[in-house]
Amino acid sequence: MLFAKFGQSDSVRPGQETSVVSSTGESFSTSANDYDVEHDPLLKGLNPEQKKAVIHEGSPLLILAGAGSGKTRVITKRISWLVQRKNVNPGRILAITFTNKAAQEMKDRVANRIGLIARAVWVGTFHSMMLRILRQHAEYIGYERSFSILDTDDQRRVLKESMKKEGISDKTTPLRHIHQEISKAKNKLIYPEEYAQMADKDLQKKQIAAIYKNYQQQLEQNNSMDFDDILALTVFLFEKEPEILAYYQERFLHLLVDEYQDTNYAQYVLVKMLAAKHKNLFVVGDDDQSIYSFRGANLMNILDFEKDFQGCRVIRLEQNYRSTRTILAAANSIISQNKQRNHKNLWTQGTEGKKINFYRALDQGEEALYVANQIKHLLSKSENNISGKDIGILYRVNALARNLESALRDRGIVYRIYGGTRFYDRKEIRDIVSYLRLISQPTDDIALLRIINTPRRGIGATTIELLNAAAVREQTYLFDICSRIEEFSELSFAANNILSFVRLINDLRQIMDKNEIEFGYYVKQVTSASGLRAEQEAQLGKLPLEATTRIQNMDELISDAMEFEGRLQEEIEELSQFPDLMEDLDNLTLPLTLEQITEAYLERVALYSDLDQEDQEDAVSLMTIHSAKGLEFDTVFLIGANEGLFPSEQALQSAGEIEEERRLAYVAVTRAKKRLYITATRRRLLYGQTMYQKVSRFATEIPDDLVEEEGGSRHGDDEYSSGFQSDFGWRRSFNSAYERDDRFQRDFAAGVVGSRAGTKESGLKDKAFVATTGFTTQGKGRGLNYKEIAVGDKVSHEQHGTGEIMKITPFSGDAILEINFHGLVKRFKASMSLLKRVED
DNA sequence: GAGGAAGCCATTTTT
DNA sequence: TGGCTTCCTC
């Protein structure tokens, strides 16, 4: 019966196959005999390759779409074409995008062309689409349909809990690492049991395996899943219930995937599963823009596409419609040095355009000043015809945004920083959201723990321990214990406080069930009834700035909730005009209940990032290069083009990572349409330390004739930068480098630096040299000064005993030491470690 | 149990 | 550098 609606025969409805009228009023013949590709208005303006892609039929198709080659256009036209010309039921198309915002844009664009029926197309990220499926069938994998989704912060809390239970200290195995490791495992579809097997004799992996297992149990007990589970559990569901898989295989006649180069293994498996029946797979990607391997994205997915999907076709989109010839040439010169790539040659009919501006500043302050001044200048000249929103400032790490802020603010330039902390991740917001979560899902222990004492209501650690113990004993969830608090004599001392908390939640639940007020107003009630608002208001006297922003954020959440409700209602209303598609709406009949809206809202909160917000104001955008993927700007400033920062210090260790950094550089450069500025510094204060940095290789690789240099050359000028040899003789090389740096500091003060001088040091590895103004460890009696140690020295450590220094890798004015403790090799930062030198 | 002060530590990118 | 935890006092 699952198949009833999407049986084999419904793609063409009788009487409709010859003419479809689009929202724009145009009609076009689609019957097989007289279909004329050349004159189809839908395909107008596409180049031959794009056209080929849009109307491709009969096999899987890979579109290698270079930067700026119009791939979004191809995808939206493809969907329109399928619906209008091939009469495919829009509910049978699944289109995967990389961000929610891209999904929204795609929906809107398709709707513009084919009308509201476009709403029925499944468009979204892997996560949001798989979540939609999981909700339908949660009970098959042991979840209730109302399961909640943990964000990063919740995950950390649960992980900490698991570590405690397993008796593993976060000193030896940092939380970050564990979190990443588990996430990676899930993206590779490695479940706890298998992970444990793989860990074998590796002690740390064994520990992680134990934590992983415990963590997963906690999630299940809590009826919640994390981000990665959304994918992994969908695969699990499909494996476990072939009939459900068969339904979706049948249903999705067409599967489109954007940004295929950034899919991970789990996503690859999902694609393979879902496309297996109809084989109408349409993927678009650019291996040169694969920049998410740290998140488990596997470049091989796109490189091996032809092997994985037998009989597939490949179309290359190599004409770039975005950038000037100069910018494109620079991009090509950077990316052409990568080995692992599917060769493409981007070209453009565009003009040569302006030269790329390169500026080398003294330090980060001057760099920011330069950028701000240039922007001011650009904006003030009307012939430039650009405004704030046409300008993007891109950087490798979020920390670089800070310097720019004040410089921009001083000049009255409106800007917006993307990324960093997500709006929904702010403390005050998460608190309110946790209330909503607990109200809609009383079994959500994680939400309860967050808010039971927020704002403070006298329920402390002792009480929570006892509650936890009771819950374990009674095999139930915490709110249940709280509701029956009088049954637990050991908790009588806290009974009153707990009771008032239970009453609060129950009252709010009742208001929800009465269903008499609007959602936005309901959220407002939650903020005030919970006391969260009053708590911040009380802080106004003490911390006026902080409290004010928090209150503003709460208000913003309320208006966000109002807006959300409006949009949701509208969307459902539109969809309900197509009763035969109503199946997807599940039990959503209008008007929606407060409970339903809350659930939908919680989903959005879990899946939407900062980037997904609509941008209204005319502001300069500041973001990481990662966030900028898929965007374009008239003018781009790429700042922080220094070795050790971009490419990052850790990427310098491996060739593979350098290739990824290079792709990142390629993405950054190709965001620019007309103007590109690249800036670097000589020294930079970052994380409290000053580093002296060379110009990034990505900047020096751009051919000279494309670049105009200001404030210092990209080449040379680095006589003070140097490196080390880590084997014999390292100490001497190091000392000389250090001495030269001393000289640098003197010269610097005297204003000598900048002239080209100095002899080339031979025999030294060409690597960025980093110095500090002092050694942080001195005087504290702990840690080691890396100047005073050498390979072969003996050291002792509180936990690991005595060991021998195997390797010293200088890093950020410090050094990473590799130490062998009787066979166990550990790495430490010299100044941070609890190491003591032992004389032998 | 709450609140403040002092030390601790980590610094890539995020759906 | 600064965010976060831990410890200490009330």
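- Taking atom CD1 of residue Ile452(A) and atom P of nucleotide dG1(B), one finds them 12 Å apart after rounding to whole Å.
- Comparing the same atom, C1', in dT13(B) and in dC4(C) gives a spacing of 22 Å after rounding to whole Å.
- Out of dG1(B), dC4(C), dT1(C), the shortest distance to the side chain of Leu685(A) is found at dT1(C).
- Of the candidate nucleotides dT13(B), dG2(C), dT14(B), dG2(C) has the atom nearest to the side chain of Arg402(A).
- Nucleic acid contact class of Ala651(A) (heavy atoms, under 4.0 Å, all strands): none.
- Minimum atom distance to the side chain of Glu661(A) is reached by dT12(B), of the listed dT12(B), dG1(B), dT15(B).
- Partner of Val667(A) under the side-chain contact (heavy atoms from CB on, under 4.5 Å) criterion, chosen from Ile625(A), Asp288(A), Leu631(A), Ile335(A): Ile625(A).
- Atom-to-atom, CZ of Arg457(A) to P of dG3(B) comes out at 13 Å; the value is rounded to the nearest Å.
- Distance Arg156(A) CZ to dA10(B) P: 13 Å, rounded to the nearest Å.
- A straight line from CZ of Phe227(A) to C1' of dT15(B) spans 5 Å, rounded to a whole angstrom.
- Between His626(A) and Tyr292(A), the ring planes are perpendicular. Angles over 60° get that label, and only those under 30° would be called parallel.
- Of the side-chain N and O atoms in Ser627(A), one or more sit less than 4.0 angstrom from OP1 or OP2 of dT14(B).
- Ring-to-base geometry does not place Phe126(A) in a stacked arrangement with dT15(B) (centre distance under 5.5 Å, plane angle under 30° required).
- Nucleic acid contact class of Tyr608(A) (heavy atoms, under 4.0 Å, all strands): none.
- Phosphate contact (OP1/OP2 of dG1(B), side-chain N/O of Thr463(A), threshold under 4.0 Å): present.
- Checking Ser293(A) against Glu660(A) by side-chain atom types alone, a donor-acceptor pair falls below 3.5 Å.
- Ring pair Phe227(A)/His127(A) is tilted by interplanar angle, where 30° to 60° counts as tilted.
- Dashed line: the shortest gap from a side-chain N or O of Thr462(A) to OP1 or OP2 of dG1(B) is under 4.0 Å.
- At distances below 3.5 Å, at least one donor-acceptor pair connects side-chain atoms of Tyr191(A) with backbone N or O atoms of Ala232(A).
- Phosphate contact (OP1/OP2 of dT12(B), side-chain N/O of Asn398(A), threshold under 4.0 Å): absent.
- To the nearest angstrom, P of dT14(B) lies 18 Å from CD1 of Ile230(A).
- Regarding contacts with the backbone of dT15(B), every side-chain N or O of Lys186(A) stays at 4.0 angstrom or more from both OP1 and OP2.
- Following rounding to the nearest Å, Arg295(A) (CZ) and dT15(B) (C1') show an atom-to-atom distance of 4 Å.
- Set against dC4(C), dG1(B), dA2(B), the side chain of Arg456(A) has dA2(B) as its closest nucleotide.
- Summary of the strand contacts: Asn453(A) and Val397(A) both lie near DNA chain B, and taking for each the nucleotide with the nearest heavy atom, the more 5' one is attributed to Asn453(A).
- Screening Arg684(A), Arg682(A), Arg697(A) for a salt bridge (charged side-chain N to carboxylate O under 4.0 Å, His left out) with Glu643(A), the sole residue that qualifies is Arg697(A).
- As rounded to whole Å, 15 Å separates atom P of dT14(B) from atom NZ of Lys101(A).
- Between the CG atom of Leu231(A) and the C1' atom of dT14(B) there is a distance of 13 Å, rounded to whole Å.
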